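Taking it in order: structure first as structure tokens, then the write-up.
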Amino acid sequence: MDEYQYPLFFEATDFTDREKEKVRRYFQKRRDSGGGDCGNVEKLGGSVYKICFKEKEDQERVLQRKFHTITLPSGEVRLTVSRTNSQQTSDQPSPSQSLTSTNPNIKGLEKTFRIDVFLMFFLRDNCKAYKFFEKQLSSIGCTVELNFDEEEVLVRGEVDKGPGGGFGGAAEKWEYQVDQVFVQLTETYNCFHVLEPKQMKMVLQDSAFKTDDIKVYTESGYAVVVGEVDAVKEKIAILEKSLPTKKEVPIVEKNFKLIEEDFNREMRANCPEVTIIRGSAMITLEGPDKEVQSGAAKLVELIKNVKEKSVKFPTALLTFMKTSDAIPKYQTRFQQSLRNPVFFEVGADVVLSSLSSDALNEAEAAVMRDLKVTTVQLQGAIDLNGLKEILTKAKNEANSREFRVDISYMPGARGTSTTKVRLVGYSENVAKLNEVLHDFQLNQVSTQETINLLHHDTVYCFDKILDLIGMKQTKVTLQASHFPNPCVFVSGPRCHVQEVKKALTSTLDSVVVDTLTLDGPGAQQYFQEEGKVTKELIEGSCHVIIREKQTAATPNVQRPRNTSRLSDTPRSLSYSSSMYSTVGNSAINRTNLKIKLSSLENEQADVLVVPMLNKQLTSTNIGNNLLAKAGNILKLKFDSVLASCALAPGDVQLVDAPPSLGCSKIFFIECLPWDGVRGKSVQALGSGLKKCLELCAQLNLGSVAIPIIGPGIVLQYPLREAIQVLTDIIHQFGLSASSGSLTNIHIVIKPGYPDSEACYHDVYKQLSLNMNQGGQAIFRSLTSDLDDIVMILERGVKLHVVFGDITNETTDAVVNTTDFQNFNLDGVCKDILTVAGPQVETELKAAKVDRGEIYVTQSGNFPCKAIFHVCGQRDEALIEQLVCDIIYYCEWYKYSSVAIPAICAGAGELDPAVVAGAILQGIKSSTSSMNSLTNIRLVLIKIDVFLAFKEEAMQMYSPAVINRVSFQEQQQQQQSAPSVSAYLSSLQISSTSQQSVFTFLGFSRTDIGDAMEKLKHQYQTQCSSKTFSKEELELLNRDDIMELKDLVESEGLFMQTDQSGALTVSGLKDGVTWVMQKMSQCQYMTLTREVRVREEEDVYNKVVWCILANNGNWERLPKSANHQLEKNELTEGITDAQGLIWEVDVQAMVATRPLSRQTTKLKRLENLPDFTFPLYWDPMAANETMKVVSLETSSAEYHTVKEAFKRTVPKTVMKIERLQNVHLRRAYEAQKKHISDKNAHEGGAAEKPLYHGTTQENCHSIMTTGFNRSFAGQNATAYGHGTYFAVNASYSAQPTYSKPAADGSRLMFVARVLTGVFTQGQATMKVLPLRNSQQPHNRFDSAVDKIDNPAMYIVFHDNQAYPDYLITFKGD
């Protein structure tokens, strides 16, 4: 067969089939022949047979034994096997012959060795070992034969004769060499007998024992492991470890009980052959060493998990537990009913043991709940024997089945006769015995009972009721009380208390109570004074009690009767500006504007306004951010509301906000992507914003937060256009006078974007321009998160945190942050040196400055006394020390003020929060050393830096010393005064509610009725009334009404109106007379006020008095203040449009706040008959038509113009001049009115601040005669033959337009330009085209370089642009 590929051959006489099968089975048995799986015996011819083996190893083992003896039925046969089938030659010995040499000089030797038969099996089965053994013998000329039947090894060899002719020496040497081979064989290999059954099983089953180098042989009842000595030793060690071992683990019996079940379960699962023997305080484990060690470790681990808790109990309770059956009861209960068993034992304390902390707590709570000890101190004289008898009986009943409660008696404190009773046992039984004890004492000691009363009035009159019913005095005390409800406390001995309570309850239940109401509180005043005797007579005759009922609205005030109520002469003329100021009395001045630097989703407001596209919540970043914070609940609300509604662009949909947002409602505006200035997108956004504000007013919502909608990646509005739409809508809303309850509008700007600062500046500028209309405020305030923070430190030092440009500062000292190497990098250093001039820069470049040193230079052109140059080296500790040194230098030089930037927060790239902490800490630690220095200004030009300083200041300083400038001013504004009609209404309602109420108490309804009629009649005889017509009432102003209100309240009068609006005043005669006199006086005062109003109006039209507001803009003062200043009536100060009061120094033209001593400037402008001066102009002489004003660098006006210029032009501003040309401005305003009227429904005149570069040659001409389009073409006419203006200053700053002068200076105009409705410019355009062919006089107002987001405007009318400012600047 093909699978038996390894043949062996042998010679034998003819075999029968049975004998061939016997031979096959012999070669198949490895123990007998060394062979294995083999095929049938085949006869090849003659006496040669063949047998084939499946494995080569089996063939090799059979060949190791040259002769094989097989027992057949016919007798033994000895076979010699070979690899080939060649016939044996005649010189080979036959199987039955011995080897005998025919050479006389050679002698054949053989030696038999008896070795362990299993070592013989190993040599047979291990080819490698056998070949090595055979090789050793071959090296000394020997052959070997393994005789398994005799268990012998036969070695044959030959030796030559020695020199003496004998074989003796050679034979001995041969035998020695053979012996050494066998010694080495027995030392190299080991036969280990495995007798233990478990080890025998392990040897037979473990594959590690069945390798090429180790063989395992089995006999009946044991196994033998054969192999090299070291390998067998290793295996023996493994076997020895598997022998059973024993380990003892000490335990605490109670702890073992808790873990016994878990331990047994673990041992059954992981160590099944380990026997567990439980002894006293000891657990013995027997079994395989590995499992015993594992089980012992597990036992120790489980015991460590046992938790123990000692609970202290009173000794009395511990004794009760030990003497009752509580301990076994709790042991059983805690072992069975808790989630984890708990072991319970009682000693000096109660000790609880468990695997679970929760179970320990549960067991502790159960014991604390179940058992209780109560000690009661007996009060007063008690029958102790009687008490013991009652308590003993109750105790025996409780303990009838088991011991549940015990009683003991203890003497009280030394020197007293009191006794204490201690009850100990189960809580329910202790409580029952305590009740028995309590009831016993109640019948022995004083007690108190309560009688509930039906009326509060009964409490007030209780003593009179007792007199009325003739209540006799007893041992019982009666006390009426309102708390906890109308009642009477009856106190005394219990037996008497019960008796009195029963009698008094029925009497008090029969009390009848009724009330009488008379118009006006004057009735009470009358019966407390003149009519008091009459009231007492009625009480006595009718057998009732009459009581005046006091209310919160009707204070019981005793009024004097002997003083004059009104003066005989009219009061002095003293007016509040709020009486005449339209703004002061209007509802439009109640909304606050605030610019918030935040994310909309984090805002706290009643409403959030959110843009969307195609009704999709996540169509914009704002929507995505809202969803991320509010979660899926917002999506569900949004989808449910918008699923069934159709929205057009500009529509608004209201959605209720989820609780996770800081608002109650969300207004979603359906928007359109940007499609141009006059496109539908702007109209839709404007319409949506307007609807949102109107909805807030209609729904009585108090606050709304609106982001800058548009300049994102979805809607793609230009930033300025998005801001313009929002601020215009807010302005229109402010003018509409329909703000309702909307008091706060938050404009939300998200910080951290590249355009965040530009966005803030534009929003603040636009809102500042919209705060006033015609000199009157239309919003209450404008604040922002970037408002200055002012802190008053020790010694009155003011610390200002300012968002602004340090080059605008005018402090004594200015700090420059620099590395003393790079002076041309954009930042604070470059800005300061540009203003200071080249001399300071040269000195600084030559300076050698050590670490931490302050280098002081002159100020150059900078408006300060000295500049301190410092390098913070991005080191927090160094910056703090530098600030301390800066303050020290200021004190040394006697400077009172210093401006400090954020050192290293700009080019130094240090974390702004770290810089803020270092600078503020340096200031705080140096405050105590300040004497000269009173004003420290931290000037920060970046939003994130300002916010970091603001947050650090809030944390470092107490809120008591921190004020936000704008907020402080806002708090001082007066509330808008209600209208006259509103005061009348409040007066009527208030007076109507003030009535006189009398309570009557008695035991007969007839008696009470008679008393009420008599009291009412008596009051009516003392009263009169007077009716005033509606026309008379309309003459009253607010102050008149307030005085009338005081008079009505003090006299206790009643007021009532009829359908015609007439007012009837009734009450006591004297009070009505006082009101009549008051009305007469008011008529006189009305005539006086009308004269004053006409005077103020006349002055207001001729003279303009202005005040410089906090935002740097000039605001016109109200008519009253305007008149006071013009007539010098300044004794009581003036009040501005915001309601703030100021003291005035007319000579210095300065106004001062009374408390804060804040100062500001005043200005007087005298209008021409045909020209009204702009508020921001300086005064001009009567014959002066042209004036050039150089702006102060510290003014807000300078700061605003400069910031707008530098936003796109990084060049140094040398000066800014305001141009005041009356003729040009008069013509410009006339053109503005013309365009505004023409475009009334299309955006009006659309005035814009634009830029126009010029030269020294053309500058004077433009200043005096204006922009002249006849010069068009000098630079370019790409979009028409008109005058060109740029949106960004950077365009006009090009040398082509702003040509440098000889000294390098350049000029640029900031112009007011009326852009109106514009069209696309053309190079050939000389006149603007018609807007409508049917209207020949209606042309476009201006042209642009591109319709969408224009960068340039061209006008074709000279009066359509006015040169407002002239900027002189210098290039790099």
Side-chain angles (χ1 to χ4, degrees), residues 799 801-807 809 811-836 840-860 862 864 866-893 895 898-927 929-930 933 936-953 955-956:
L799 172 60
V801 182
V802 181
F803 176 68
D805 187 347
I806 198 168
T807 61
E809 292 298 307
T811 51
D812 291 346
V814 172
V815 177
N816 175 33
T817 172
T818 176
D819 62 359
F820 296 99
Q821 294 177 356
N822 302 301
F823 301 102
N824 294 319
L825 296 178
D826 287 340
V828 170
C829 179
K830 181 179 178 181
D831 291 344
I832 290 177
L833 294 180
T834 300
V835 176
V840 175
E841 183 175 344
T842 302
E843 181 181 353
L844 198 60
K845 287 180 178 178
K848 302 295 182 182
V849 183
D850 295 329
R851 174 183 169 87
E853 182 182 351
I854 298 176
Y855 189 79
V856 183
T857 67
Q858 297 298 317
S859 61
F862 204 103
C864 64
I867 302 177
F868 298 164
H869 305 273
V870 300
C871 178
Q873 297 189 2
R874 305 184 78 252
D875 185 334
E876 179 181 1
L878 179 59
I879 294 172
E880 181 178 342
Q881 184 58 47
L882 282 171
V883 172
C884 295
D885 294 342
I886 289 167
I887 294 172
Y888 174 82
Y889 272 51
C890 288
E891 291 295 323
W892 177 264
Y893 290 108
Y895 291 156
V898 61
I900 306 174
I903 302 171
C904 290
E909 298 181 347
L910 197 58
D911 185 355
V914 173
V915 175
I919 291 178
L920 290 170
Q921 188 59 47
I923 294 171
K924 190 172 184 179
S925 60
S926 303
T927 305
S929 64
M930 299 181 194
L933 189 61
I936 302 173
R937 294 175 62 81
L938 304 181
V939 186
L940 315 162
I941 199 167
K942 295 291 185 182
I943 288 177
D944 59 336
V945 178
F946 177 89
L947 293 178
F949 272 74
K950 176 180 175 181
E951 182 177 356
E952 192 70 22
Q955 295 176 358
M956 185 173 295

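Not measured: the values here are computed from a predicted model.
Under the 4.5 Å side-chain criterion, counting only non-hydrogen atoms from C-beta, Y888 is not in contact with S926. Here the side chains of C904 and I879 are in contact, with some heavy-atom distance below 4.5 Å. Two residues are said to be in side-chain contact when any heavy atoms from C-beta on lie closer than 4.5 Å; F949 and I919 meet this criterion. In this structure the side chain of H869 reaches within 4.5 angstrom of the side chain of V840, judged on heavy atoms. Between I806 and V814 the shortest side-chain heavy-atom distance falls below 4.5 Å. Here the side chains of L920 and L799 are in contact, with some heavy-atom distance below 4.5 Å. Within the 4.5 Å cutoff, no side-chain heavy atoms of Y893 are placed close to those of D812. Side-chain contact between V939 and P901 is absent, with no heavy-atom pair separated by less than 4.5 Å.
Closest non-hydrogen pair, F820 versus V849, comes out as CE2-CG2, 3.7 Å. Between I832 and F862 the shortest heavy-atom distance is O-CD1, 4.0 Å. G872 approaches L882 most closely through the heavy-atom pair CA-CD1, 3.9 Å. E909 and R874 make their closest contact through O-NH2, 3.5 Å (heavy atoms, listed as atom of the first residue, atom of the second, distance). Shortest non-hydrogen contact noted between E891 and L933 is OE2-N, 2.9 Å. Considering all non-hydrogen atoms of both residues, C890 and A813 come closest at SG-CB, 4.4 Å.
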task: Evaluate side chain to side chain contact (heavy atoms under 4.5 Å, CB included) for N816 paired with T857, printing each intermediate quantity in order.
output: CA-CA 11 Å; N816 175 33; T857 67; over 6 Å; no
task: Could you please spell out the steps behind the side chain to side chain contact (heavy atoms under 4.5 Å, CB included) verdict for Y855 and E843?
output: CA-CA 10 Å; Y855 189 79; E843 181 181 353; 3.7 Å; yes
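Note: T818 OG1 to L833 CG = 7.0 Å, rounded to the nearest 0.5 Å. Rounded to the nearest 0.5 Å, atoms CD (Q821) and CG (L844) are 11.5 Å apart. Note: Q873 CD to D819 CG = 9.5 Å, rounded to the nearest 0.5 Å.
When the side chain to side chain contact (heavy atoms under 4.5 Å, CB included) test is applied to T927, the partners found at least two apart in sequence or on another chain are L793, E794, M930. For D885, there are no salt bridge (Lys or Arg N to Asp or Glu O under 4.0 Å) partners at least two apart in sequence or on another chain. Scanning for side chain to side chain donor-acceptor pair (under 3.5 Å) contacts around T817 gives an empty result, with sequence neighbours left out. V914 pairs by the side chain to side chain contact (heavy atoms under 4.5 Å, CB included) definition with E876, L910, D911, not counting sequence neighbours. Residues passing the salt bridge (Lys or Arg N to Asp or Glu O under 4.0 Å) test with E952, sequence neighbours excluded: none. Residues that satisfy the side chain to side chain donor-acceptor pair (under 3.5 Å) test with D805, not counting sequence neighbours, are T807.
For CD of Q858, the number of neighbouring non-hydrogen atoms (other residues, nucleotides, ligands) closer than 6.0 Å is 12 at most.
Distance alone, capped at 3.5 Å, is enough to place a donor-acceptor pair between the K924 side chain and the M956 backbone. In this structure a side-chain-to-backbone donor-acceptor pair under 3.5 Å is present from S859 to C864.
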